[in-house]
Amino acid sequence: MVTSQLRCLVALGQARHLGRAAQASQVSQLELSEAIRALEEEYGHALLEPPRAGGFQGFTPQGEQVLAWARSFLQHGEDLRRELHAVQQESAIAPLLERRSVSPKRLRAPGPGAEHIDLILQAALRAPDHGGLHPWRVVEFREAQRAALAERFEAEKRRRDPLASPADLRRAREHATRPPVLLAFIVVPRARSKVPAREQWLSAGAALGNLLNAAHQLGFGAIMLSGERCFDPVLSAELGVKPEEFLAGFVSLGSVVEAPPPRNHALPGQVWSAWVPSAIPRAATQADPFRQPADPLNLNSNLNLDIANDKT
């Protein structure tokens, strides 16, 4: 109640007119006058000079003091509301702001179970998807098949680097055996669709983002790793990736036992800009029916050169 009375007082201080102040406060003039009288009773002083035929005559010295305090009080209250609103907005997207990729060496069992994987995939399927094509799929490598996967990772490393050291080969195998849960993320462009390939790739990327965010929301760490093995046709074929598909990478999932080190994030201003239209040259806005088409390859010049050579 006191706050609404102070707002009426501040509105009067700004309008310097009872009627306009009442309109700005969205109250009747009688209600405005009652609010001022209530404040005078509250502070024990007359806040307005005695009215005359001309209406509002200004504030008393005490009224000016209360007016200044009211403005400060309401401004601080508004600042506090804005800060609280900003905190609420940031809290609403805190899981997105806090998400970090977590290296497999910082992941331990237990990883997400079947019910978690189902929820994670449901989140991925909610990503923007022009045409509802779902141009992606995942393959899970379960515990019983990890040894066979490790052999294939080692074989791929040998093909790529015949001089690989035992330590390099061991690390290649660990990429297959270390994560508690391991998924292959495969992009599956639909060639006969009217949806452009680049939009399908964007949709697959959005699905991958949802997948990683869902894992984070469920309390797991996750990371997507690609590397040169994703371009090995032999490995891709062994994993069931078709020639028209692309092995984008491997997603490691598990419980976080060690938080990743802090990292510096880019600022929004580094990726944001506002478009400003440039002036269009007059010649470009008016078609000339006699104008010759553009010659980006300079063919006319070559033709002229050939004619000149023929004359010599």
Next on the checklist: Restricting to non-hydrogen atoms, name the atom on Phe153 and the atom on Ala176 that form the minimum distance, rounded to 0.1 Å.
Outcome noted: CD2-CB, 3.6 Å

Item to check | Val188 side chain reached by Ile186 side chain, heavy atoms, under 4.5 Å | outcome: yes

Checklist entry - With side chains defined as the heavy atoms from C-beta onward, is the minimum distance between Leu212 and Phe220 less than 4.5 Å? => result no

Item to check | Partner set under ring-ring contact (aromatic ring centres under 6.0 Å, His included) for Phe73, not counting sequence neighbours | outcome: Trp69

Item to check | Check ion pair Arg160-Glu156 (N to O, under 4.0 angstrom) | outcome: yes

Checklist outcome for this item: Sorted by chain and number, sequence neighbours left out, ring-ring contact (aromatic ring centres under 6.0 Å, His included) with His175 holds for none

Checklist entry - What's the spacing between Leu247 CG and Ser226 OG if we round to 0.5 Å? => result 9.0 Å

Checklist entry - Is there a side-chain contact (heavy atoms from CB on, under 4.5 Å) between Phe56 and Arg16 once you walk through the steps? => result CA-CA 7 Å; Phe56 177 72; Arg16 316 300 288 190; 3.9 Å; yes

Item to check | Expected output: side-chain Gln200 to main-chain Arg190 donor-acceptor under 3.5 Å | outcome: yes

Item to check | side-chain contact (heavy atoms from CB on, under 4.5 Å) assessment of Arg263 paired with Arg100 | outcome: CA-CA 9 Å; Arg263 60 173 296 183; Arg100 290 288 310 279; 3.4 Å; yes

Item to check | Interatomic distance, Leu9 atom CG to Ile36 atom CD1 [nearest 0.5 angstrom] | outcome: 4.5 Å

Checklist entry - Just checking, is any N or O donor in the side chain of Asn213 or Gln217 under 3.5 Å from an acceptor N or O on the other one? => result no

Checklist outcome for this item: Contacts of Glu31 meeting side chain to side chain donor-acceptor pair (under 3.5 Å) (sequence neighbours excluded), chain-then-number -> Ser28

Item to check | Polar side-chain atom of Ser203 near backbone of Glu199 as donor-acceptor pair, under 3.5 Å | outcome: no

Item to check | Residue pair Asp129 / Pro135: nearest heavy atoms and the distance that separates them | outcome: OD1-CD, 3.8 Å

Checklist entry - Looking at Thr3 and Leu74, what are the two nearest heavy atoms and their distance? => result CG2-CD2, 3.9 Å

Checklist entry - Does one hydrophobic cluster hold both Val241 and Leu183, with members joined at side-chain heavy-atom distances below 4.5 Å? => result no

Item to check | Atom pair CZ (Arg178) and CZ (Arg171), whose distance is rounded to the nearest 0.5 Å | outcome: 10.0 Å

Checklist entry - Under 4.5 Å between any side-chain heavy atoms of Trp275 and Ser273, yes or no? => result no

Item to check | Closest heavy-atom pair and its distance - Leu107, Val102 | outcome: CD2-CG1, 3.7 Å

Checklist outcome for this item: Residue pairs meeting side chain to side chain donor-acceptor pair (under 3.5 Å), one or both in residues 231-257, sequence neighbours left out, come to Arg137-Glu245, Arg159-Asp232

Item to check | Side-chain heavy-atom pair Phe246, Cys230 within 4.5 angstrom cut-off | outcome: no

Next on the checklist: Using 30° and 60° as the class boundaries, would you call the ring planes of Trp136 and Phe185 parallel, tilted or perpendicular?
Outcome noted: parallel

Item to check | Gln26 atom CD: more than 12 heavy-atom contacts under 6.0 Å | outcome: no

Checklist entry - In Å, rounded to the nearest 0.5 Å, how long is the span from OG1 of Thr177 to CZ of Arg146? => result 7.5 Å

Next on the checklist: Test side-chain contact (heavy atoms from CB on, under 4.5 Å) on Phe59 and Val66; report intermediate values, then the result.
Outcome noted: CA-CA 10 Å; Phe59 291 93; Val66 175; over 6 Å; no

Checklist entry - Between Gln75 and Asp79, does a side-chain contact (heavy atoms from CB on, under 4.5 Å) hold up when you go through it step by step? => result CA-CA 6 Å; Gln75 184 60 53; Asp79 292 344; 2.9 Å; yes

Checklist entry - Are Leu32 and Leu18 side-chain neighbours, meaning at least one heavy-atom pair lies under 4.5 Å? => result yes

Checklist entry - With sequence neighbours excluded, what pairs up with Gln122 under the side chain to side chain donor-acceptor pair (under 3.5 Å) test? => result Asp118

Checklist outcome for this item: Minimal heavy-atom distance between Leu67 and Val10, with the atoms involved, is CD1-CA, 3.8 Å

Next on the checklist: Tell me every residue that passes salt bridge (charged side-chain N to carboxylate O under 4.0 Å, His left out) with Glu49, counting only those two or more places apart in sequence or in another chain.
Outcome noted: none

Next on the checklist: Is there a continuous path of hydrophobic side-chain contacts, each under 4.5 Å between heavy atoms, that joins Leu182 to Ile117?
Outcome noted: no

Checklist entry - Just wondering, are more than 12 heavy atoms of other shown residues or ligands nearer than 6.0 Å to CZ in Arg142? => result no

Next on the checklist: Checking side chain to side chain donor-acceptor pair (under 3.5 Å) between Glu154 and each of Arg152, Lys157, Arg158, which is the one that passes?
Outcome noted: Arg158

Next on the checklist: Tell me whether the count of non-hydrogen atoms from other residues, nucleotides or ligands lying under 6.0 Å of CD in Gln14 goes above 12.
Outcome noted: no

Checklist entry - How about Arg81: does its CZ atom have over 12 heavy atoms from other parts shown lying under 6.0 Å from it? => result yes

Checklist entry - About how many Å separate CG of Leu47 and CD of Gln65, when rounded to the nearest 0.5 Å? => result 10.5 Å

Checklist outcome for this item: Output for pair (Leu125 CG, Leu211 CG), nearest 0.5 Å, gives 9.5 Å

Checklist entry - Got Glu151 and Arg173 here, is their nearest side-chain heavy-atom distance under 4.5 Å? => result yes

Next on the checklist: Using the rule that Ile, Leu, Val, Met, Phe, Trp and Tyr join whenever any side-chain heavy atoms are under 4.5 Å apart, tell me whether Phe250 and Met224 fall into a single cluster.
Outcome noted: no

Item to check | Side-chain heavy atoms of Arg37 within contact of Ser33, under 4.5 Å | outcome: yes

Next on the checklist: Using a 3.5 Å distance criterion without hydrogens, assess whether the side chain of Arg108 forms a donor-acceptor pair with backbone atoms of Val257.
Outcome noted: no

Checklist entry - Is there side-chain contact between Lys105 and Glu258, with at least one heavy-atom pair below 4.5 Å? => result no

Checklist entry - Does atom NE2 of His76 have more than 12 heavy-atom neighbours from other groups under 6.0 Å away? => result no

Checklist entry - Is Ser25 reaching over with its side chain to a backbone N or O of Val27, donor-acceptor style, under 3.5 angstrom? => result no

Next on the checklist: With a 4.5 Å cut-off on side-chain heavy-atom distances among I, L, V, M, F, W and Y, is there a chain of contacts connecting Val138 to Ile120?
Outcome noted: yes

Checklist entry - What about Ile223 and Phe141, same hydrophobic cluster or not, with Ile/Leu/Val/Met/Phe/Trp/Tyr joined at side-chain heavy-atom distances under 4.5 Å? => result no

Next on the checklist: For Leu267, is there any backbone N or O sitting under 3.5 Å from a side-chain donor or acceptor partner on Gln270?
Outcome noted: yes

Checklist outcome for this item: Closest heavy-atom pair, Pro233 versus Phe231, reported as atoms and distance to 0.1 Å, is CD-O, 3.3 Å

